[in-house]
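Below is one structure, written out as structure tokens, with a few remarks after it.
In listed order, ligands and their atoms are each counted from 1. Numbers for residues simply follow the sequence, beginning at 1.
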Amino acid sequence: MRDHHPRLPSAPGFWRSPLRGPWFTSVLGTVLLAGITVLFLTGLVSYAAYNPNLSPVNDQTPDKGVLGFYLFAWPTGPVWLYRLTQGIHVTLGITLIPVLLAKLWSVVPRLFALPPARSLAHALERISLLLLVGGGLFEFTTGVLNVQLDYVFPGSFYPLHFYGAWVFFAAFVAHAVLKAPTALRNLRGLGREEGDLVSPRPDAPTVSRRGALWLVGGGSLLLFLTTVGQSLGGPLRRTALLAPHGGADPGGGPNGFQINKTAAYAGITPADTHEDAWRLVVTGRTGTVRLSRAELLRMPLHSASLPIACVEGWSTQDQWWRGVRLRDLAALVGHDGDPPDVFVESLQRRGAFRRAALRANQVADPRSLLALYVNGETLSPDHGHPARIIVPAAPGVLNTKWVTRLTFGDL
Ligand SMILES: Nc1nc2c(c(=O)[nH]1)N[C@H]1C(S)=C(S)[C@@H](COP(=O)(O)O)O[C@H]1N2
Ligand SMILES: [Mo]
């Protein structure tokens with residue numbers, strides 16, 4: 001009887017879809033092999049871009065020691081570098097969601113198969129599968145939550161997503177090595193449509209296997225087309241229907257580009273930023289200098305066309321910034337020629353992004369500015385008036401707004 005009316009998902013006959021089979025699973029697996037490898041690499045790169053080794057204000061991931069073996073000084077060019085790497089990371093991650101779900105769906109009978117382990121090797125394989133499925137769901141979920149809801153995690157998003165990535169990728173590599181030979185055979189059509197994935201009592205098909213793949217691909221394409229605009233910026237941003245909404249409306253004009261956190265959100269009031277109240281406090285080898293906005297404006301002003309690129313995947317096209325070079329400010333306090341790292345502090349009193357550390361190579365770049373103007377106009381309150389950092393190729397989070405203190409020295 002049980003064979004004819006299986007009630008338990010552990011019974012092979014419980015799963016009826018005629019789509020399941022080695023070929024379908026192998027095609028999806030191959031797409032994920034390429035896609036997840038790119039996600040992992042762009043993710044590692046994104047983490048490096050924060051200068052996580054420089055200062056605990058940039059990153060507090062404990063014991064990243066071994067896993068941080070690859071960290072390097074993030075370059076300052078090309079200026080679109082982080083736009084590209086993080087745009088790929090977020091857009092590709094979102095695009096792959098239908099493929100990931102279809103792949104999990106295609107092998108779901110295996111997750112319920114009994115007995116749980118036939119041998120030690122089989123037990124190990126199943127544990128690695130748990131890490132793979134759990135790790136994959138965890139990475140995609142935390143990534144999407146971070147993009148859509150903006151840091152909703154206990155503590156920081158970075159350690160969760162970073163540790164999760166290593167666990168997931170380790171299981172992923174083991175899985176790929178184990179399955180690659182079979183997958184290759186299935187793709188070439190040499191494998192036969194048999195085995196535990198093929199339902200012993202399939203329902204009548206409503207769509208062919210190829211048709212189902214087109215559906216998955218169509219879902220991915222739709223996600224791609226409604227996401228990618230946020231990384232392209234400019235007028236194409238409007239096509240990004242899936243980009244997070246409900247944020248501040250940047251309005252039009254020179255300051256009319258995306259706003260991450262508004263001045264109101266950050267608790268910055270006109271009383272804080274008023275000419276009489278605001279001072280820039282610069283500290284370095286030779287002591288401390290306090291500068292009013294008028295004094296800053298008497299220093300040599302320089303321009304740079306640079307984008308803002310956020311970890312959340314959105315970025316702006318180049319904006320035309322004008323302000324004082326960071327290296328000129330370093331020189332003011334005794335660091336001529338070879339500027340050191342700098343610790344940047346905002347007027348903002350609370351919140352994770354009120355402080356950031358920049359590396360010496362970023363300070364030294366002539367395009368790295370303490371910006372006072374954007375696109376020919378004074379910075380708007382939401383874009384960081386009276387002064388903000390803008391550094392080429394750096395993630396948005398390092399471009400501190402409402403800056404009030406710069407401390408030069410090796411961190
Ligand atoms: N003081 C302060 N500076 C900040 C932030 C912040 O929350 N507080 N957000 C950062 C992040 S995450 C990004 S992406 C950029 C966005 O700059 P924008 O709002 O001018 O586009 O500002 C950065 N500077
Ligand atoms: Mo950001």
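- For ligand 1, one of its N or O atoms has an N or O atom of S346 under 3.5 Å away.
- Applying the 4.0 Å criterion to heavy atoms of W402 picks out, from ligand 1, the atoms 1 (N), 2 (C), 8 (N).
- Although no hydrogens or angles enter the test, the distance criterion places no donor-acceptor pair under 3.5 Å between the side chain of R359 and the main chain of A73.
- Geometrically, ligand 1 and N260 share a nitrogen or oxygen pair separated by less than 3.5 Å.
- The distance criterion of under 3.5 Å between nitrogen or oxygen atoms is not met by K261 with respect to ligand 1.
- Short contacts between ligand 1 and N399, defined as distances under 4.0 Å to a heavy atom of the residue, involve ligand atoms 22 (O), 23 (C), 24 (N).
- Side-chain contact, D365 with S368: no donor N or O sits under 3.5 Å from an acceptor N or O.
- Contacts between R388 and ligand 1 below 4.0 angstrom, taking non-hydrogen atoms only, involve the side chain exclusively.
- Of the possible polar contacts, one joining the T316 side chain to the I308 backbone as a donor-acceptor pair under 3.5 Å is found.
- Between K401 and ligand 1, at least one N/O pair is under 3.5 Å apart.
- Using a 4.0 Å cut-off between heavy atoms, Y265 makes no contact with ligand 1 at all.
- Between the side chains of D382 and Y265, no donor-acceptor pair of N or O atoms lies under 3.5 Å.
- If you check the side chains of T76 and Q362, you find no donor sitting under 3.5 Å from an acceptor.
- Residue Q348 places at least one N or O, backbone or side chain, under 3.5 Å from an N or O of ligand 1.
- With 3.5 Å as the limit, one finds no donor-acceptor pair spanning the side chains of E125 and S128.
- Residue-ligand proximity, T400 to ligand 1, at heavy-atom distances under 4.0 Å covers atoms 3 (N), 24 (N).
- Judged by a 6.0 Å distance limit and a 45° cone about the ring axis, R20 is positioned over the six-membered ring of W105.
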